[in-house]
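Report on the following structure.
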Amino acid sequence: MIGQILGAVGGLATTYLDGKVAVQKANAEIKVKQATGEIDWDLAAIQATQNSWKDEWITLLFSIPLILAFCGDWGNNIV
């Protein structure tokens with residue numbers, strides 16, 4: 001019984017270490033690509049869109065007619 005528990009704990013530790021190694025390999029690969037200039041364009045594009053109003057403008061542009069469609073006849077009820 002103790003052997004099974006130790007085996008399960010050992011398997012859990014191995015899985016944890018494998019996960020940490022995978023994260024470190026991914027980070028190393030990203031740093032290599034940055035060093036060689038393969039992903040500079042992607043990083044520049046992401047940084048350029050962080051302060052962009054384009055998405056918000058499109059949302060407002062399409063939201064206004066949808067909101068007005070449910071407002072009813074405001075001007076036709078005046079006598």
Side-chain angles (χ1 to χ4, degrees):
M1 173 129 172
I2 294 176
Q4 291 176 346
I5 293 173
L6 290 177
V9 171
L12 184 63
T14 303
T15 304
Y16 175 75
L17 292 176
D18 288 343
K20 298 253 321 164
V21 168
V23 168
Q24 289 177 352
K25 282 183 182 179
N27 288 336
E29 184 177 337
I30 289 171
K31 288 182 182 183
V32 167
K33 286 185 178 183
Q34 284 177 340
T36 59
E38 289 181 36
I39 58 174
D40 286 341
W41 178 256
D42 295 335
L43 289 175
I46 290 170
Q47 289 173 352
T49 60
Q50 286 180 349
N51 295 326
S52 175
W53 278 87
K54 185 173 25 174
D55 294 334
E56 288 78 5
W57 174 249
I58 291 173
T59 303
L60 286 173
L61 186 68
F62 286 112
S63 298
I64 291 172
L66 290 173
I67 293 169
L68 292 176
F70 292 101
C71 288
D73 296 328
W74 287 348
N76 294 337
N77 294 334
I78 300 175
V79 177

Linking Ile, Leu, Val, Met, Phe, Trp and Tyr by side-chain heavy atoms under 4.5 Å, what else ends up with Leu17?
Tyr16
Does anything in residues 6-30 pair up under salt bridge (charged side-chain N to carboxylate O under 4.0 Å, His left out), and if so which pairs, sequence neighbours excluded?
Glu29-Lys33
Using salt bridge (charged side-chain N to carboxylate O under 4.0 Å, His left out) as the criterion, list what pairs up with Glu56, not counting sequence neighbours.
none
Does Phe62 sit in a hydrophobic cluster with other residues, and if so which ones, taking ILVMFWY side chains as linked at heavy-atom separations under 4.5 Å, directly or through other members?
Ile58
